[in-house]
> 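Provided herewith is a single structure, encoded as structure tokens, for subsequent inquiry.
In what follows, chains carry the letters A, B, and so on, assigned in the order in which the sequence lines appear, proteins first and then strands, with residues in each chain numbered from 1.
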Amino acid sequence: MNRSITATVNGEKVSTEVEPRLLLVHFIRERLRLTGTHIGCDTSHCGACTVLLDGVPVKSCTVLAVQADGRQLTTVEAIGAGQLHPIQKAFKEEHGLQCGFCTPGMMLSSFALLADNPDPTEEEIRWALSGNICRCTGYMNIVKAVRSAAVQMKQAAAVPAGAVAGS
Amino acid sequence: MAIETPLKGFIGESIKRKEDDRFIRGKGNYVDDIVLPGMLHMAILRSPFAHARIHSIDTTAAQALPGVVAVVTGKLLEQHKLAWMPTLSGDTQAVLATDKVRFQGQEVACVIATDPYVARDALPLIDVGYEVLPAVVDPSKALEPGAPVIRDEKEGQTSNHIYHWEAGNKGKTDDAFAKADRVVSLETFYPRCHPSPVETCGIVADVNPATGHATLYMTSQAPHAHRTLFAIVAGLPEQNIRIVSPDIGGGFGNKVPIYPGYVVATAASLLIGKPVKWVEDRSENLISTGFARDFHMKGEMAMRNDGRILGIRVKLLSDNGAFYADAQPTKFRAGLFHIVTGSYDIPAAHVVADGAYTNKAPGGVAYRCSFRVTEASYLIERLVETAAIELDQDPAELRVKNFIQPDQFPYKSATGFEYDSGQYEKALRLALDKVGYDELRKEQAEKRKKGELMGIGIASFTEVVGAGPGKHYDIAGLRMFDSAELRVHPTGKAILKLGVKSQGQGHETTFAQIVTEELGIPAADVEVQEGDTDNTPYGLGTYASRSTPVGGAATAMVSRKLRDKAKKIAAHLLEASEADIDFDHGKFFVRGSPSKSKTIQDVAFAAYTNLPDGMEAGLEGVTYYDPPNMTFPFGTYLVVVDIDRGTGQVKVRRMVAVDDCGVRINPMIVEGQIHGGLAEGFGIAFMELITFDEEGNCLGSNFTDYLLPTSWETPKFETYETVTPSPHHPIGAKGVGESATVGSPAAFVNAVIDAVGHLGIKNIDMPVTSDKVWTALKEAGAAE
């Protein structure tokens with residue numbers, strides 16, 4: 001028996017019917033065709049499927065779509081929808097990605113970390129990202145990217161609203 | 001007037017990667033992202049047993065499930081002569097089992113359904129009648145007389161023995177051992193591990209029944225070779241097969257072989273007339289696709305008491321699983337293991353290798369390694385450590401005493417390799433200096449007095465990467481050259497098409513930079529295309545660190561070809577003799593008057609608008625590059641560990657890596673490759689293990705059991721470089737993607753043994769887990 005759900009996905013309201021057993025990651029990828037969220041392990045170890053549910057990172061391969069009912073869902077497609085987010089810029093600048101497969105999940109975990117802790121130490125970053133596996137980078141440049149994003153975001157926040165660049 | 005684009009991306013510049021813009025936006029295009037109209041989904045029923053005879057397969061209930069379109073069994077494939085396929089090592093492998101299953105997880109039947117959930121629902125409805133047979137899980141026991149014969153379907157196969165292979169010279173090596181003051185020996189097992197890219201393997205097969213054209217979107221590290229093999233296996237005309245390898249979420253060797261799932265999905269699409277998608281889950285990836293290593297090694301070194309190595313003798317037993325499917329050049333049955341003399345001038349060497357079938361998954365891929373080079377590097381570096389302990393010599397100085405000297409290059413090794421270039425002591429000294437070696441040794445001595453365990457591990461590795469030349473190296477008969485096609489358009493922008501295929505290595509940036517260096521076209525203006533066999537020149541693909549040594553060389557050579565033509569056009573434009581034209585950073589000018597010049601963009605435009613009489617139009621070319629030799633990257637890795645005597649826990653305090661891969665095209669990307677390899681080397685040394693119980697059940701079939709390093713346990717890396725160009729490579733580069741995975745495991749394990757060697761502990765096999773260390777300490781009477 002299908003269930004109807006209503007969720008806010010990347011700021012837009014989505015109402016649909018789903019099988020109760022449908023995994024959130026399949027709902028996102030197959031139904032909404034938001035393919036930036038990836039599947040790497042099916043057992044919540046690798047974190048490639050990380051999305052934000054009400055701002056909290058969850059592994060969407062072990063969450064059911066029905067559990068998203070009435071909640072806010074954020075995927076990688078939203079974080080740089082207008083201009084690139086400092087986290088995205090920093091991942092590129094610091095060479096924090098190679099094959100790109102873990103990158104969306106890695107960035108969303110970083111996003112949640114920096115929302116909670118705008119000035120994390122390297123140890124804190126490594127702990128916060130320990131649920132996201134990367135096979136390419138050895139994590140060195142990912143950690144650097146998150147540190148760099150933190151600094152950028154802090155500086156951006158310090159600029160008073162309406163300030164003109166270069167003034 | 002044209003706006004001048006600033007030049008950017010010459011060799012040696014760490015420009016940011018061109019491919020990143022889509023990945024950071026979640027706009028990559030991986031196989032599982034591809035959806036075609038009417039697409040069906042495939043799921044595979046796998047064997048629960050390691051060894052069993054199949055008496056019956058009843059698919060009635062599965063076929064009756066609404067949404068199921070077809071159930072494919074080996075019997076059906078047999079009718080199309082597709083039940084078996086050739087492997088990359090000249091053996092055969094079952095596509096779907098017909099007579100027996102030979103490893104747990106083997107493909108037995110496939111369900112094709114309209115929905116992936118339904119395809120899965122149907123799997124348990126297939127009723128397979130099995131008669132369980134005794135499983136053979138130990139390769140030594142597999143070779144004992146009376147062991148159950150796993151490959152009883154092969155004519156003339158009466159045992160589980162696969163191959164016997166030798167390298168080097170037995171007589172000379174026996175002489176060296178006869179003259180030795182002492183023999184240092186080490187028996188060690190390099191366990192089975194798995195590349196485990198975060199993206200698993202998959203395919204979307206789209207065969208058009210009307211035209212017979214097959215478009216296969218596949219996780220393929222070698223799309224051209226795969227197309228040829230598909231043509232041979234499936235009997236499809238090669239021109240009708242198009243393989244598209246889209247963005248790949250990591251490969252590390254796992255995406256080199258052709259897997260049964262690819263074949264069945266293609267056959268199903270052909271028979272049903274609709275696209276079929278198959279993407280494996282993580283357990284399927286771990287239990288059935290290309291594993292790595294599983295090498296039992298016994299090494300002996302003939303030594304003089306002063307520390308000089310006179311000879312090396314190695315006996316190997318490889319556990320190849322149920323089908324001999326190693327991905328390696330055909331002439332070399334144990335890959336390039338004979339690089340085992342490593343960085344040392346060892347006058348005599350002899351390697352004897354045998355392979356055995358067992359009831360385990362086939363594969364034998366090189367997990368971020370050039371064909372068994374990592375096993376060889378591990379053995380020699382562990383042997384040198386063993387020798388240092390037994391001779392009570394400093395392991396760094398023992399290495400220096402035996403290194404091949406810079407003036408010995410090109411150096412012919414005792415097993416037949418010709419090393420291109422190296423400065424081994426320089427790299428080692430830099431590592432010692434950066435880590436503060438002498439101070440650390442003092443600290444270690446102090447700690448030892450207090451009963452604390454601290455170790456310093458060294459590995460001074462040499463790799464052999466970048467296969468061919470084609471006359472010596474081939475995969476399934478295909479010579480290991482590679483290719484580049486360059487098209488410079490009238491506006492001076494270019495498209496570079498390659499036979500190799502990135503899985504995250506940054507080809508779109510690195511190879512554009514080679515064009516920038518050779519022609520002066522900014523890297524931003526060079527679009528790099530790979531992976532589509534319809535639109536790229538034939539090549540053997542990306543694995544074994546061969547892209548830069550071979551594909552990179554092809555790129556340089558095709559650029560030079562175009563430069564030669566461009567020079568003629570420039571001479572025409574400048575009304576000068578071609579002999580008087582010089583080229584520098586994208587500008588052609590008349591020698592002696594640099595103000596009189598034409599840019600590469602001017603020349604490109606003229607190639608289509610204003611040519612000298614009699615010259616063919618256009619500025620395009622293609623090069624197939626057959627390398628004259630392999631390249632031999634090297635370096636020294638140095639690891640400092642502290643060990644807790646109460647728990648056996650090993651803490652990596654420092655990891656210093658000095659790499660020499662010749663000329664670095666994009667240093668940022670090279671360093672990223674090294675970081676990744678070091679992390680994988682760390683994982684292999686301390687965590688990653690696929691093992692089996694006595695019934696052949698795979699222990700390590702998911703990420704709960706197969707442990708990969710996360711950001712939390714992965715140590716920080718301190719990376720440095722020396723630069724010794726390859727003399728035979730057009731731009732002096734060597735491969736680098738795998739150096740760190742090849743070199744680092746021995747450094748990690750040597751550090752542990754350096755900490756505990758004085759207690760009489762000679763060896764702990766990988767993965768060096770806390771329980772193994774604690775048990776060894778306990779047996780030595782040193783555990784707390």
> Name the option with the most non-hydrogen atom pairs under 4.5 Å to chain B; the candidates are A:Cys46, A:Gly100, A:Gly36, A:Cys134.
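Counting heavy-atom pairs under 4.5 Å, the top option is A:Gly100.
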> Given a strict heavy-atom distance threshold of 4.5 Å, which part of B:Gln503 is in contact with chain A: side chain, backbone, both, or neither?
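The backbone, not the side chain.
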> Pick from A:Met106, A:Glu30, A:His95: which one has the most heavy-atom pairs with chain B under 4.5 Å?
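The residue among A:Met106, A:Glu30, A:His95 with the greatest pair count is A:His95.
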> For B:Arg664, enumerate each residue passing the salt bridge (Lys or Arg N to Asp or Glu O under 4.0 Å) test, keeping only those at least two apart in sequence or located in another chain.
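Once residues adjacent in sequence are excluded, the partners of B:Arg664 under the salt bridge (Lys or Arg N to Asp or Glu O under 4.0 Å) criterion are B:Glu721.
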> Based on non-hydrogen pairs under 4.5 Å, which of B:Gly506, B:Gly683, B:Pro195, B:Gly28 is most in contact with chain A?
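That would be B:Pro195.
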> What I'd like to find out is whether the side chain of B:Ile669 reaches to under 4.5 Å of the side chain of B:Gln505, using heavy atoms alone.
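A side-chain contact is absent here, since even the closest heavy-atom pair is not under 4.5 Å.
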> Counting distance only, does the side-chain N/O of B:Lys16 pair as donor-acceptor with the main-chain N or O of A:Glu93 below 3.5 Å?
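Pair found, side chain donor or acceptor close to backbone of A:Glu93.
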> Please tell me whether B:Tyr367 and B:Asn254 have a donor and an acceptor in their side chains that are separated by less than 3.5 angstrom.
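No, no side-chain donor-acceptor contact under 3.5 Å.
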> Would you say the side chain of B:Ser739 lies within less than 4.5 Å of the side chain of B:Tyr637, judging by non-hydrogen atoms?
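They are in contact (side-chain heavy atoms under 4.5 Å apart), so the answer is yes.
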> Measure the CD1-CE distance between B:Ile674 and A:Met140 for me, rounded to the nearest 0.5 Å.
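So the gap between those two atoms works out to 11.5 Å.
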> Check each atom of A:Arg33 against the heavy atoms of chain B and say whether the ones under 4.5 Å are side chain, backbone, both or neither.
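A:Arg33 touches chain B through side-chain heavy atoms alone.
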> Counting heavy atoms not belonging to A:Gln83, are there more than 12 under 6.0 Å from its CD?
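Atom CD in A:Gln83 is not crowded, with 12 or fewer foreign heavy atoms closer than 6.0 Å.
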> Is there a side-chain contact between B:His194 and B:Thr289, using heavy atoms and a 4.5 Å cut-off?
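With C-beta onward as the side chain, the pair touches.
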> May I ask you to name which of A:Pro104, A:Gly138, A:Cys99 has the most heavy-atom pairs under 4.5 Å with chain B?
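The answer is A:Cys99.
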> Within a radius of less than 6.0 Å around NZ of B:Lys651, do more than 12 heavy atoms belonging to other residues, nucleotides or ligands occur?
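Atom NZ in B:Lys651 is not packed in, count stays at 12 or less.
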> What part of B:Phe703 is in contact with chain A, defined as an atom under 4.5 angstrom from a non-hydrogen atom: side chain, backbone, both or neither?
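When you check distances to chain A, atoms from both the backbone and side chain of B:Phe703 fall under 4.5 Å.
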> Output the option from A:Leu34, A:Ile39, A:Leu22 having the highest count of non-hydrogen pairs under 4.5 Å with chain B.
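Among A:Leu34, A:Ile39, A:Leu22, the one with the most close pairs to chain B is A:Leu22.
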> Less than 4.5 Å apart, any side-chain heavy atom of A:Glu94 and any of A:Arg147?
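Result no, sub-4.5 Å side-chain heavy-atom pair not found.
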> Checking A:Leu23 against chain B: side chain, backbone, both or neither under 4.5 Å from a heavy atom?
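Looking at A:Leu23, backbone and side chain both touch chain B.
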> Within the structure provided, determine whether A:Gln67 and A:Leu24 are in side-chain contact (heavy-atom separation under 4.5 Å).
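A:Gln67 does not reach A:Leu24 side chain to side chain.
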> Would you please go through residues 113-133 of chain A and name the residues with a non-hydrogen atom below 4.5 Å from one of chain B, in numerical order?
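Heavy-atom contacts from residues 113-133 of chain A to chain B are A:Glu122, A:Glu123, A:Arg126, A:Trp127, A:Leu129, A:Ser130, A:Ile133.
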> Flag the one option from B:Thr704, B:Ile248, B:Thr200 with the top tally of heavy-atom pairs under 4.5 Å to chain A.
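Of B:Thr704, B:Ile248, B:Thr200, B:Thr704 has the most heavy-atom pairs under 4.5 Å with chain A.
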> Measure the shortest side-chain to side-chain distance between A:Glu17 and A:Ser4 over non-hydrogen atoms and say whether it is less than 4.5 angstrom.
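Result yes, sub-4.5 Å side-chain heavy-atom pair found.
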> So with a 6.0 Å cut-off around CZ of A:Arg3, is the heavy-atom count from everything else above 12?
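Check fails, neighbour count at 12 or below.
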> Output the option from B:Gly677, B:Ala679, B:Gly676 having the highest count of non-hydrogen pairs under 4.5 Å with chain A.
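Most pairs with chain A among the choices: B:Gly676.
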> What part of A:Leu84 gets within 4.5 angstrom of chain B, counting heavy atoms only: side chain, backbone, both, or neither?
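Side chain only.
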> With a 4.5 Å cut-off on heavy-atom pairs, point out which of B:Gly249, B:Ser283, B:Pro197 contacts chain A the most.
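Among B:Gly249, B:Ser283, B:Pro197, the one with the most close pairs to chain A is B:Gly249.
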> Fit a plane to each ring of B:Phe682 and B:Phe686, take the angle between them on a 0 to 90° scale, and name the class: parallel (under 30°), tilted (30 to 60°) or perpendicular (over 60°).
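Because their plane-to-plane angle lies in the 30° to 60° range, the rings of B:Phe682 and B:Phe686 count as tilted.
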> Which atoms of B:Ser196 come close to chain A, meaning under 4.5 Å heavy atom to heavy atom: side chain ones, backbone ones, both, or neither?
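When you check distances to chain A, atoms from both the backbone and side chain of B:Ser196 fall under 4.5 Å.
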> B:Gln673 versus chain A, heavy atoms under 4.5 Å apart: side chain, backbone, both or neither?
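Its backbone and side chain both get close to chain A.
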> Restricting to non-hydrogen atoms, name the atom on B:Ser502 and the atom on B:His507 that form the minimum distance, rounded to 0.1 Å.
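In this case the closest contact between B:Ser502 and B:His507 is N-ND1, 3.3 Å.
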> If you count heavy-atom pairs under 4.5 Å with chain B, which of A:Thr37, A:Leu97, A:Ile87 comes out on top?
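Looking at each option in turn, the highest pair count goes to A:Leu97.
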> Measure A:Tyr139 against the heavy atoms of chain B and call it side chain, backbone, both or neither at under 4.5 Å.
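A:Tyr139 touches chain B through side-chain heavy atoms alone.
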> Could you please spell out the steps behind the salt bridge (charged side-chain N to carboxylate O under 4.0 Å, His left out) verdict for B:Asp21 and B:Lys27?
CA-CA 8 Å; B:Asp21 290 337; B:Lys27 296 291 183 194; over 6 Å; no
> Side chain, backbone, both or neither: which part of B:Arg22 has a heavy atom under 4.5 Å from chain A?
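It is neither, since no heavy atom gets under 4.5 Å.
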> Could you have a look at B:Asp281, B:Asn702, B:Asp33 and say which one has the most heavy-atom pairs with chain A under 4.5 angstrom?
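The answer is B:Asp33.
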> Less than 4.5 Å apart, side chain to side chain, heavy atoms only: is that true for B:Arg17 and B:Asn666?
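In short, these two side chains do not touch, never coming nearer than 4.5 Å.
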> Would you mind checking which part of B:Val35 comes under 4.5 Å of any heavy atom in chain A, side chain (CB onward), backbone (N, CA, C, O), both or neither?
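For B:Val35, the contact with chain A is made by backbone and side chain together.
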> Please state whether the side chain, the backbone, both or neither of A:His85 comes within less than 4.5 Å of a heavy atom of chain B.
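Contact with chain B is absent: no heavy atom of A:His85 under 4.5 Å.
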> Looking only at heavy atoms and a cut-off of under 4.5 Å, which of B:Ser14, B:Ser711, B:Ala740 has the most pairs with chain A?
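Of the candidates given, the most pairs with chain A belong to B:Ser711.
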> Just give me the residue among A:Asp42, A:Ile79, A:Thr103, A:Thr75 that pairs up with chain B most often, heavy atom to heavy atom, under 4.5 Å.
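Greatest number of close heavy-atom pairs with chain B: A:Asp42.
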